[in-house]
Every structure is written in C-alpha cells, then in structure tokens.
Amino acid sequence: MLLLKELINKGESRACYAHPYDKNKCIKVPLIASRRNIESNYEIKAYQELKDKLGNYLVWHDTKLIDTDKGQGVICELLRDDDGKYAKNLLYYQQNRLIDTDILAQLRQFFTLLLQNNIFFFDFNYKNFVILHHNGKKQLKYIDMKSYRNPHSWTFLKLEKFIPCLAKSKMRRRIIRFYAQGQLNYPEYISAF
C-alpha cells in the first residue's frame with residue numbers, strides 16, 4: 001500500500017497526489033468512497049480505448065488500480081515542464097491572458113478529432129486541460145477521462161448515450177460554451193459537424 005502525502009490538486013470528485021516513489025507519476029483517487037473502483041476502472045478503460053486515437057492529447061494511465069492509504073487509485077503520467085515544475089492548467093493561461101495562437105490551434109485540432117471520430121466527452125472546463133512545456137514547445141493535454149461518454153444528463157432516459165447525433169449536438173454546445181467562457185472566438189467549423 002502506498003502512502004500518499006503530497007497533494008497536487010483536488011477537483012470535485014478526485015484528488016491527485018504525487019507518486020511517493022516516482023517523480024514522473026501521480027495517483028488519482030476518487031474522493032467519494034462508494035465511487036472509487038467504478039470511476040477509476042472507467043477511467044482506465046476509457047484511456048485504453050482512446051490512447052491510439054487521441055495520442056499526445058492524453059496523459060498515460062496504468063492499466064490497473066493501486067492500493068493507497070486514501071483508497072484505490074489510478075497511476076498516471078505527472079505533467080512537469082522542462083524546469084521540473086508542475087505544468088499549469090488552461091485556467092491559469094486564460095486568467096493570465098496567455099492563450100496564444102499555438103494553444104488555440106491545438107484546441108481546434110483536439111475538438112476536431114473528437115467531432116470527426118464521434119468521441120464524446122462532456123466536461124470541457126479550463127481545469128481539465130493542461131499545457132505542458134517540453135523541449136521548447138507547448139503541448140495541450142486533456143486530463144479528464146471520466147467524462148468520456150458520460151453526459152451528466154438530467155434527462156431520465158439519457159438518450160445521448162445511445163444516439164450519436166444527440167451526443168454530438170450536446171458536445172458541440174459544450175465546446176461552444178467552453179470558448180465563450182474563456183472569451184475566445186470559437187471556430188465556425190464546429191457548427192458544421
């Protein structure tokens with residue numbers, strides 16, 4: 001069992017800790033005990049399904065859960081910039097007006113891959129994207145595998161899970177809202193999908 005001491009970040013449903021023995025890895029642990037294994041296993045499965053399609057936009061995930069003092073978690077790649085510091089999320093870039101044409105181009109390419117391949121994610125907030133500085137270049141990374149095919153729908157039937165055109169429409173609206181929240185002009189091509 002690993003003892004997790006260094007908290008890196010905490011979201012609504014998970015906490016991310018530094019791996020105690022590997023500075024290049026972290027461990028994501030769900031905060032709600034009843035959802036631990038379900039959510040973590042789902043994240044591993046989603047990563048395995050999408051790693052070849054989304055390549056560099058995803059962080060590496062191990063294929064099995066690990067026991068920690070905080071419950072079972074998922075071992076993932078820890079994003080550190082060339083200077084050794086933790087890579088910052090897109091919210092930091094948005095708040096400090098650092099989103100440049102390179103980042104915008106990578107966002108466009110990421111969303112295009114999703115729309116062209118019917119890969120449905122539904123949680124596009126600025127904390128779910130991280131910008132990695134490596135070898136003098138910026139690389140956009142999406143870190144929220146738990147929102148894959150999970151529309152968080154309030155509708156009873158959750159038809160988005162079964163009807164691709166509904167899922168695509170919902171995801172397209174969320175992409176447009178993502179751009180609006182960051183006061184960024186969204187690419188017109190999104191409406192064409």
Side-chain angles (χ1 to χ4, degrees), residues 6-18 26-32 39 42-43 46-47 50-51 53-61 74 76-117 119-134 137-154 160 167-191 193:
E6 184 184 346
L7 179 65
I8 296 171
N9 207 340
K10 191 176 190 180
E12 289 181 27
S13 64
R14 292 181 298 183
C16 181
Y17 291 88
C26 63
I27 301 172
K28 294 181 188 177
V29 182
L31 298 172
I32 301 168
E39 202 169 87
Y42 184 80
E43 185 167 2
Y47 171 73
L50 298 174
K51 66 181 179 178
K53 295 175 185 169
L54 296 177
N56 288 336
Y57 289 110
L58 302 180
V59 296
W60 172 87
H61 285 59
V74 180
C76 302
E77 171 186 7
L78 177 57
L79 299 175
R80 290 182 187 268
D81 291 335
D82 286 336
D83 62 6
K85 294 180 182 174
Y86 298 134
K88 293 184 172 38
N89 63 34
L90 194 58
L91 180 61
Y92 171 86
Y93 282 79
Q94 190 266 336
Q95 291 173 337
N96 291 284
R97 300 179 188 263
L98 298 172
I99 297 178
D100 60 14
T101 55
D102 185 19
I103 295 171
L104 287 172
Q106 290 185 56
L107 281 168
R108 179 183 174 129
Q109 185 179 22
F110 175 75
F111 289 132
T112 299
L113 279 171
L114 298 185
L115 290 164
Q116 284 178 338
N117 295 290
I119 299 170
F120 303 124
F121 283 99
F122 296 99
D123 190 3
F124 299 122
N125 74 64
Y126 282 74
K127 291 182 180 179
N128 288 340
F129 291 92
V130 174
I131 305 298
L132 177 66
H133 286 261
H134 186 64
K137 295 181 180 178
K138 294 179 210 143
Q139 174 62 53
L140 179 78
K141 298 280 190 174
Y142 186 70
I143 60 172
D144 185 24
M145 299 305 295
K146 72 183 181 342
S147 79
Y148 176 57
R149 291 188 182 159
N150 187 4
H152 304 290
S153 178
W154 294 104
E160 302 92 340
K168 186 176 275 190
S169 176
K170 185 171 192 169
M171 187 173 70
R172 188 174 41 242
R173 287 193 311 270
R174 292 194 178 180
I175 292 169
I176 292 169
R177 183 172 47 187
F178 169 86
Y179 277 94
Q181 287 172 339
Q183 299 176 347
L184 306 171
N185 293 327
Y186 80 90
E188 291 296 327
Y189 76 92
I190 291 173
S191 300
F193 284 97

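We count residues from 1, following the sequence as given. Everything quoted here is computed from the prediction, not taken from an experiment.
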Exercise. Ignoring hydrogens and geometry, is there a side-chain-to-backbone donor-acceptor pair from Lys141 to Asn56 under 3.5 Å?
Worked result: yes
Exercise. Are Phe129 and Phe110 near enough that their ring centres are under 6.0 Å apart?
Worked result: yes
Problem set entry | Crowding at CG, Asn185 (>12 non-hydrogen neighbours, <6.0 Å) | no
For this session: Give, for atom CD1 of Ile131 and atom CG of Leu98, the distance between the pair rounded to the nearest 0.5 Å.
Result: 10.0 Å
Problem set entry | Check: Phe121 and Met145 side chains under 4.5 Å, non-hydrogen atoms | yes
Exercise. Just how far is it from atom SG of Cys76 to atom CD1 of Ile27, taken to the nearest 0.5 Å?
Worked result: 9.0 Å
Exercise. Tyr179 and Arg108: which non-hydrogen atoms are nearest, and at how many Å?
Worked result: OH-N, 3.9 Å
Problem set entry | Under 3.5 Å: donor-acceptor pair, side chain of His61, backbone of Val59 | yes
Problem set entry | Min side-chain heavy-atom separation Ser147-Tyr142 under 4.5 Å | yes
For this session: Side-chain contact test, heavy atoms from C-beta onward, threshold under 4.5 Å: evaluate it for Asn89 versus Asn128 and give yes or no.
Result: no
Problem set entry | Spacing of Met171 atom CE and Phe120 atom CZ [to the nearest 0.5 Å] | 6.0 Å
Exercise. What heavy-atom pair brings Cys26 and Ile8 nearest, and what distance separates the two atoms?
Worked result: CB-CD1, 4.1 Å
Exercise. Rounded to the nearest 0.5 Å, what separation is found between the CG atom of Asp81 and the NE2 atom of His134?
Worked result: 10.5 Å
For this session: For residues Val130 and Leu90, determine if any side-chain heavy atom of one lies less than 4.5 Å from a side-chain heavy atom of the other.
Result: no
Exercise. What is the distance from atom NZ of Lys88 to atom NE2 of His133, rounded to the nearest 0.5 Å?
Worked result: 8.5 Å
Problem set entry | Gap separating the OH atom of Tyr17 from the CD atom of Glu6, nearest 0.5 angstrom | 11.0 Å
Problem set entry | Least distance between heavy atoms, Arg14 atom then Pro30 atom | CG-CA, 3.9 Å
Exercise. Taking side chain as C-beta onward, heavy atoms only, is Ile119 less than 4.5 Å from Leu113?
Worked result: no
Exercise. With a 6.0 Å cut-off on ring centres, are Phe178 and Tyr126 close enough?
Worked result: yes
For this session: For residues Leu78 and Trp60, determine if any side-chain heavy atom of one lies less than 4.5 Å from a side-chain heavy atom of the other.
Result: no
Problem set entry | Salt-bridge criterion met for Lys137 and Asp82 (N-O under 4.0 Å) | no
For this session: Indicate yes or no: at least one non-hydrogen side-chain atom of Cys16 is less than 4.5 angstrom from one of Lys10.
Result: no
Exercise. Taking the six-membered ring for Trp, is the centroid-to-centroid distance between Phe122 and Tyr148 below 6.0 Å?
Worked result: no
Problem set entry | Lys127 NZ: over 12 foreign heavy atoms closer than 6.0 Å | no
Problem set entry | Partner of Tyr57 by side chain to side chain donor-acceptor pair (under 3.5 Å), out of Gln139, Gln106, Gln109 | Gln109
